[in-house]
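Below: one structure, written as C-alpha cells.
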There are 2 protein chains.
Amino acid sequence: MNDASLTPAHGATDKPPTSSEIGERIWLAIAERRLRPGTRLKEEQLAEIFGVSRARIRQALAGLASEGLVQLLPNRGSVVAAPTVEEAGDVFFTRKLVEERIIERLTPRITPRQIAELRKHVARERAAAEADAVSDVIRLSGGFHMSLAELLGSEFLISTLRDLISRCSLITAVYRDSAHYNCGPDEHSEIIDCLAAGDAGAAMRVMRTHLDHITTSLDLDVERQIESDLKRVLG
Amino acid sequence: MNDASLTPAHGATDKPPTSSEIGERIWLAIAERRLRPGTRLKEEQLAEIFGVSRARIRQALAGLASEGLVQLLPNRGSVVAAPTVEEAGDVFFTRKLVEERIIERLTPRITPRQIAELRKHVARERAAAEADAVSDVIRLSGGFHMSLAELLGSEFLISTLRDLISRCSLITAVYRDSAHYNCGPDEHSEIIDCLAAGDAGAAMRVMRTHLDHITTSLDLDVERQIESDLKRVLG
DNA sequence: GACTACAAACTTGTAGACAATACCGTAGGC
DNA sequence: GCCTACGGTATTGTCTACAAGTTTGTAGTC
C-alpha cells in the first residue's frame, strides 16, 4: 500500500483524527480507487499514517467491516473487500427498494425550505463536477441521497442507506469501466422537481431509473479478476 | 441492571467468552425482555459479569450498536436502544422486501437436501415451542429466516438480514403485548412447501403474510412510553 | 429560598506493553 | 529432488494503567 494514498490533500492536521474520520478517509480512498480491493490494511501502518494508536484504527476498521468495505480475517488482518457480481446485484436491488421507500415517505411531508436546501446541494454537485474535484464529486453525489434520508429523519433508513451507498461506491470502484463517477446532478434535479410537485409515484420512478443508470454503467458481466481471486486464477 | 439477567442458564463457563458470544447473550437478554430499552450498559459492570476485560466488552457493544440494538452515547456510555414506532415500520417494511428477494433468488436453486434441512429446523422449532424453552424458541424462529439467506449464500443478504432480524427482535420485545414469541413454525412449514414446489410467487406471498402477522401482533398504535422519551413526556 | 460555581466521584476514551497466532524461509530426511 | 518439520519474523489479539470527559453533590452568594 502506498502511504500517500491515504494522506489528505489539505495536509496534516494538528489534532489526531477520530475513528470515524479515519474510516471516512479510508472509505474515500477506496471510492476513488486509490485503494484497490485485496489491498492489505495493516493496523500499525495505518496507526503511523494517521498519527493515532492502533486501538483507534481497530475501531475504524471494525466500522468499515460492518459496512462491508473491508474484510476482517481473524488473526490475519484486514483487506479491502472484493464484492462479487452476485453481491453487487443484491446491493443495488436493495438500495433501489430502500430509496423508493424514502421517497415515498418523504414526498408528502417535504417543505419548500427543504426543497431549496436540496437544490443548493445539487448546485454544489455541479460546481464540483465542473471543477473536476473528484473527491468532492464522489462525496456530494452520495451526499444527495443521504440528504433525502436525513430529511425524513428515520435513524434506521439513514444508517441503512449509508451502508448501501458505501457498498455501492466500492462496487462502482471495482466494476465501473471509465472515469464517469457515480451519479450525475441532472437526474438529482429531476427528482427534486417531482418532490416539489408532490408526485411520489413520479419521484420513485425517476429514482429507480437513476439507480438503474448507475447499475448499467457497470461491467457486471465482465469477470474482473481482483487480487484476492489470485489463488483461484492460478490454482 | 440486574446482573442475573445476563448470566446464562447453563452456568459459568471455563473459557472467557468471545466478543460475539457476549453480543449474542446481550442480544438474547434484550429479545427475552430481561433487558428493557433505556437500560444503561456500563462497560466495567459487563466486564465483571462476563469475566473479561473492558476491551472485549467494547467490541461487543460496538457490534450491537451497528445492529441498532444499543445506542452509543459518546463519553456517556451505552444504553439499550428504544426504537420508535416509525422506525419499527421502516424495519419491517425493509425486512419484507429483503426476505422476498431471498425467496425469489433461492427458489430456483434450492436442492431436496436443503429442503430436508429446513424441515429438520422447523421440527426443532416445534420441539422448543412445546417444551416452552423460550430462549431456544426465539433463537430458532429467527434462525429459520437466517437459514434461507445462508442457503442462498449471499454474504450481503446474510448480514443485512441478521441486522434486520435483530432489530425486529428488539421491536417485538418492546411493542409485543403478550407472551406470543416471534413467528410460529406452521407458517415456516408452509414456506418450505412452496419452495419445494418451486413456486417462487407463492413462497413470496406466504412470506409476506407471515411477516405481516408479526407486524399486526404488535401494539404499534399504542404509544409505549420508554425511558428515553422521558424528556418529551415531561418537558 | 433559588440559582450558580465549584469539586469530587464515576465512567468512558486512549495509549502502550505483552501474549498468542500465522506466515515465510531454511534445514533435514525420505 | 521433493516433501515435511522446525524456527524466526511479523502481525494481530488482549490486557492493564492512565488521561479526559461527564454527571452528581455541595457550598456559597444574590
Side-chain angles (χ1 to χ4, degrees), chain A residues 1-3 5-6 12-26 35 38-66 69-81 227-232 234-235, chain B residues 1-3 6 12-26 35 38-66 69-81 227-231 234-235:
Chain A
M1 176 176 59
N2 181 8
D3 289 10
S5 60
L6 282 172
T13 51
D14 322 332
K15 306 164 199 167
T18 68
S19 60
S20 37
E21 283 168 348
I22 293 169
E24 183 115 352
R25 282 210 224 155
I26 296 176
L35 285 177
T39 306
R40 282 205 61 186
L41 300 170
K42 296 178 192 171
E43 295 181 356
E44 201 157 3
Q45 197 176 358
L46 292 170
E48 201 178 344
I49 292 172
F50 289 108
V52 298
S53 98
R54 271 179 55 217
R56 211 178 282 196
I57 297 294
R58 287 175 73 81
Q59 274 187 28
L61 288 175
L64 292 169
S66 80
L69 266 77
V70 309
Q71 198 175 356
L72 260 60
L73 309 162
N75 284 318
R76 294 197 299 136
S78 318
V79 295
V80 177
E227 195 170 321
S228 63
D229 287 357
L230 212 65
K231 293 158 202 136
R232 177 145 56 87
L234 304 174
Chain B
M1 180 173 56
N2 181 7
D3 290 12
L6 283 170
T13 51
D14 320 333
K15 307 163 198 168
T18 67
S19 61
S20 36
E21 284 168 347
I22 294 169
E24 182 115 354
R25 281 211 224 154
I26 296 176
L35 284 177
T39 307
R40 281 204 63 184
L41 300 171
K42 295 177 191 170
E43 295 181 356
E44 200 157 2
Q45 195 177 1
L46 291 170
E48 200 179 345
I49 292 172
F50 289 108
V52 298
S53 95
R54 271 179 52 215
R56 213 176 280 197
I57 297 293
R58 286 175 74 81
Q59 272 187 30
L61 288 175
L64 292 169
S66 81
L69 265 79
V70 310
Q71 198 177 358
L72 258 60
L73 309 162
N75 284 318
R76 296 198 296 137
S78 318
V79 296
V80 177
E227 195 169 324
S228 63
D229 287 356
L230 211 66
K231 294 161 200 129
L234 304 174

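Convention: sequence-line order gives letters A, B, ...; per-chain numbering from 1.
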Interatomic distance where NZ belongs to B:K42 and P belongs to C:dA9 [whole Å]: 16 Å
C:dT14 phosphate, OP1 or OP2, under 4.0 Å from A:R56 side-chain N/O: yes
4.5 Å side-chain heavy-atom contact, A:Q59 and B:R58: yes
Interatomic distance where CG belongs to A:L72 and C1' belongs to D:dG13 [whole Å]: 12 Å
Shortest non-hydrogen separation from B:L61 to B:S78 and the atoms involved: CD1-OG, 3.7 Å
Phosphate contact (D:dG13 OP1 or OP2) by A:R58 side-chain N/O below 4.0 Å: yes
Length of the line joining A:N75:CG and D:dT12:C1', which is rounded to integer Å: 6 Å
B:L41 CG to C:dT11 P, straight-line distance once rounded to whole Å: 13 Å
Separation of atom CD1 in A:I57 from atom P in C:dT14, rounded to whole Å: 12 Å
d(CG, A:L73; C1', D:dT11) in whole Å: 13 Å
OP1 or OP2 of C:dA22 under 4.0 Å from side-chain N/O of A:R40: no
Distance, rounded to the nearest Å, where B:Q59 contributes CD and D:dT14 contributes P: 6 Å
Criterion side chain to side chain contact (heavy atoms under 4.5 Å, CB included) against B:F50, the qualifying member of B:E21, B:R56, B:R25, B:Q45: B:R25
For B:L72 against B:A65, the heavy-atom pair lying closest together: CD1-CB, 3.4 Å
Any B:R76 side-chain N or O less than 4.0 Å from OP1/OP2 of C:dT12: no
First of A:P74 and A:S53 reached from the 5' end of DNA chain C, by closest nucleotide: A:S53
Rounded distance in Å - CZ (B:R54) to C1' (C:dA15): 13 Å
Close side-chain approach of B:L64 to B:L41, heavy-atom, < 4.5 Å: no
Of the listed nucleotides D:dT12, C:dA22, D:dT16, the one nearest the side chain of A:E44: D:dT12
